[in-house]
Amino acid sequence: MTVRLDVLAIGNAIVDVISAAGDEFIVAQKLRKGAMQLVDAAEAERLYAAMGPGREVSGGSGANAAAGIAALGGQVAFVGRVADDQLGQVFAHDIRAAGVEFTTPFANSGNPTARCLIVVTPDAQRTMNTFLGASQDLTVADMDFERVAKAGIVYLEGYLWDPEHPRAAMLAAREVAKAAGNRVAFTLSDVFVVERHRAGLQELVDGKIDILFANENEICSLYETEDFDSAIRAIRGKLPIAVVTRSEKGAVVLAGDEVIAVPAAPVTKVVDTTGAGDLFAAGFLYGLSQGRPLDVCAKLGAIAAAEVISHYGARPEADLKALTAGLR
């Protein structure tokens with residue numbers, strides 16, 4: 001008998017290469033500190049050669065969220081495309097070892113596996129340089145719609161919204177999920193995604209999905225305002241649940257007439273903010289899949305996010321089940 005999934009995430013399948021460096025490296029390499037920029041294969045090779053010693057671990061926003069859900073005890077699967085190369089094998093091994101079901105076939109032709117070169121400065125800011133490679137070649141043919149239909153929540157990564165074929169695959173998954181009576185969640189992922197697809201994303205969040213994740217900058221960009229309260233008023237009533245994270249200010253959850261503010265969980269030292277939003281989504285979605293109240297879902301997200309920013313890398317290292325035991 002096929003196990004029903006709590007969450008199925010669809011997103012970029014990326015191997016993260018994480019290295020620490022000072023601000024002088026950022027300047028010398030002409031990088032945009034704290035931002036994510038797309039690079040081609042040649043630039044990825046050049047920057048990789050210039051970086052100091054690093055760690056390689058499977059990443060990608062949706063994949064990070066899936067790993068967090070698994071760490072909390074959820075039944076979760078991930079859909080993403082990798083090539084049949086060294087980094088593709090790294091990705092598949094890592095995500096399966098994290099407890100996530102991953103059955104997307106390896107690509108035997110086309111682009112190599114995607115990688116994200118992450119430079120972390122002493123102030124914990126991460127500067128990401130991403131070669132999207134094979135991850136952007138995901139198509140409808142890569143989807144296992146039987147598994148999609150068996151997922152209580154289908155989680156769509158905004159970073160994968162840009163190219164035509166992956167967007168079509170995610171929209172097809174949305175249709176299957178809705179037809180099965182399941183919920184669909186979407187994360188805006190980055191301001192650059194919003195700026196490139198604002199009209200389409202406004203249409204998507206207006207009744208076509210059930211749960212939206214965004215940070216403060218993304219939600220303001222979506223509604224073209226610099227005022228957070230104005231953005232919150234704009235999103236209210238558009239969909240059943242909207243979750244907006246605000247870094248150290250915590251998060252706001254909007255559901256019908258409810259406005260739930262949850263503080264950030266305490267962190268002794270912020271080391272690396274990579275994956276904070278992904279792990280917040282993981283905690284929230286896990287709680288929602290288990291029928292927890294929305295304030296508890298947000299608290300689970302805050303604890304998971306606090307754990308991941310306390311060390312390098314976008315995957316939890318501490319026992320999230322133990323950290324959240326008081327909320328179970």
Side-chain angles (χ1 to χ4, degrees), residues 11-57 59-64 87 111-133 135-136 157-163 187-198 201 213-226 228 231 244-249 270-281 305 308-309 311-314:
N12 283 315
I14 301 174
V15 175
D16 289 339
V17 180
I18 307 168
S19 178
D23 287 336
E24 64 277 5
F25 181 86
I26 301 293
V27 173
Q29 299 299 321
K30 299 180 180 179
L31 305 178
R32 293 167 50 208
K33 183 178 177 180
M36 194 284 282
Q37 64 179 0
L38 299 179
V39 299
D40 60 19
E43 175 63 9
E45 290 293 335
R46 186 201 66 79
L47 184 58
Y48 181 72
M51 291 170 65
R55 297 172 54 196
E56 294 182 352
V57 60
S61 176
N64 293 336
L87 289 182
N111 286 310
T113 297
R115 70 286 313 264
C116 183
L117 307 176
I118 304 171
V119 180
V120 183
T121 42
D123 57 2
Q125 285 294 308
R126 78 275 192 270
T127 301
M128 299 186 293
N129 302 272
T130 305
F131 169 58
L132 293 170
S135 68
Q136 298 281 280
E157 178 189 321
Y159 282 127
L160 202 54
W161 195 251
D162 205 40
T187 174
L188 291 180
S189 291
D190 198 284
V191 168
F192 93 86
V193 175
V194 178
E195 290 175 346
R196 288 170 63 89
H197 300 281
R198 184 175 286 112
L201 290 172
F213 291 95
N215 65 27
E216 186 169 358
N217 292 333
E218 292 157 3
I219 201 69
C220 286
S221 177
L222 185 64
Y223 293 106
E224 298 183 272
T225 178
E226 295 182 0
F228 177 72
V244 183
T245 56
R246 308 185 72 190
S247 300
E248 71 278 1
K249 298 176 185 176
V270 177
V271 175
D272 175 13
T273 57
T274 307
D278 307 334
L279 268 294
F280 187 97
V308 84
I309 65 175
H311 57 76
Y312 288 116

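Note that this is a predicted model, so its numbers are computed, not measured. Sequence positions, counted from 1, serve as the residue numbers for this chain.
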Side-chain heavy-atom pair Val193, Glu218 within 4.5 angstrom cut-off
no

Test side-chain contact (heavy atoms from CB on, under 4.5 Å) applied to Glu43 and Asn129, step by step
CA-CA 9 Å; Glu43 175 63 9; Asn129 302 272; 5.9 Å; no

Nearest 0.5 Å, what's the CZ-CG distance between Phe213 and Leu188?
11.0 Å

Rounded to the nearest 0.5 Å, what's the gap from CG on Asn215 to CZ on Phe280? Could you check?
11.5 Å

Rounded distance [0.5 Å steps], CD1 in Ile118 versus OG in Ser19
10.5 Å

To the nearest 0.5 angstrom, please state how far the CG atom of Asn217 sits from the CZ atom of Arg246.
10.5 Å

Decide salt bridge (Lys or Arg N to Asp or Glu O under 4.0 Å) for Asp16 and Arg126; before the verdict, give the C-alpha distance in whole Å, the side-chain angles of both, and the deciding distance to 0.1 Å.
CA-CA 12 Å; Asp16 289 339; Arg126 78 275 192 270; over 6 Å; no

Side-chain contact test, heavy atoms from C-beta onward, threshold under 4.5 Å: evaluate it for Ile14 versus Leu132 and give yes or no.
yes

Can you list the residues that meet the side chain to side chain donor-acceptor pair (under 3.5 Å) rule with Thr127, with sequence neighbours excluded?
none

When you measure from the side chain of Arg198 to the backbone of Ser221, do you find a donor-acceptor pair of N or O atoms at a distance under 3.5 Å?
yes

Excluding sequence neighbours, so at least two apart, what forms side-chain contact (heavy atoms from CB on, under 4.5 Å) with Glu56?
Val15, Val17, Tyr48, Leu87

Please find the pair of heavy atoms, one from Gly59 and one from Ala63, that lie closest to each other, and give the distance.
O-CB, 3.4 Å

Ignoring hydrogens, what is the shortest heavy-atom contact between Glu157 and Gly62? Give both atom names and the distance.
OE1-N, 2.8 Å

What distance do Phe25 atom CZ and Leu31 atom CG have between them, rounded to the nearest 0.5 Å?
6.5 Å

Please report the closest heavy-atom contact between Ala114 and Ser135, naming both atoms and the distance.
CB-OG, 3.7 Å

Asp123 CG to Asp23 CG distance, which is reported to the nearest 0.5 Å
6.0 Å

Can you check whether Ile18 reaches Thr274 side chain to side chain, under 4.5 Å on heavy atoms?
no

Contact summary for Gln125 and Gly34, nearest pair of heavy atoms
OE1-CA, 3.7 Å

Closest approach of Ala124 and Val270, non-hydrogen atoms and distance?
CB-O, 3.4 Å

Would you check if Trp161 and Leu201 make a side-chain contact, meaning some heavy-atom pair closer than 4.5 Å?
yes

Note, Asn111 side chain near Gln136 side chain (heavy atom, < 4.5 Å):
no

Given side-chain contact (heavy atoms from CB on, under 4.5 Å), test Tyr159 with Thr130 step by step and report yes or no.
CA-CA 11 Å; Tyr159 282 127; Thr130 305; over 6 Å; no

Can you see which heavy atom on Gly22 is nearest to which on Pro122, and at what distance?
CA-CD, 4.2 Å

Is there side-chain contact between Met128 and Val119, with at least one heavy-atom pair below 4.5 Å?
no

Met51 versus Leu117: any side-chain heavy-atom pair under 4.5 Å?
yes

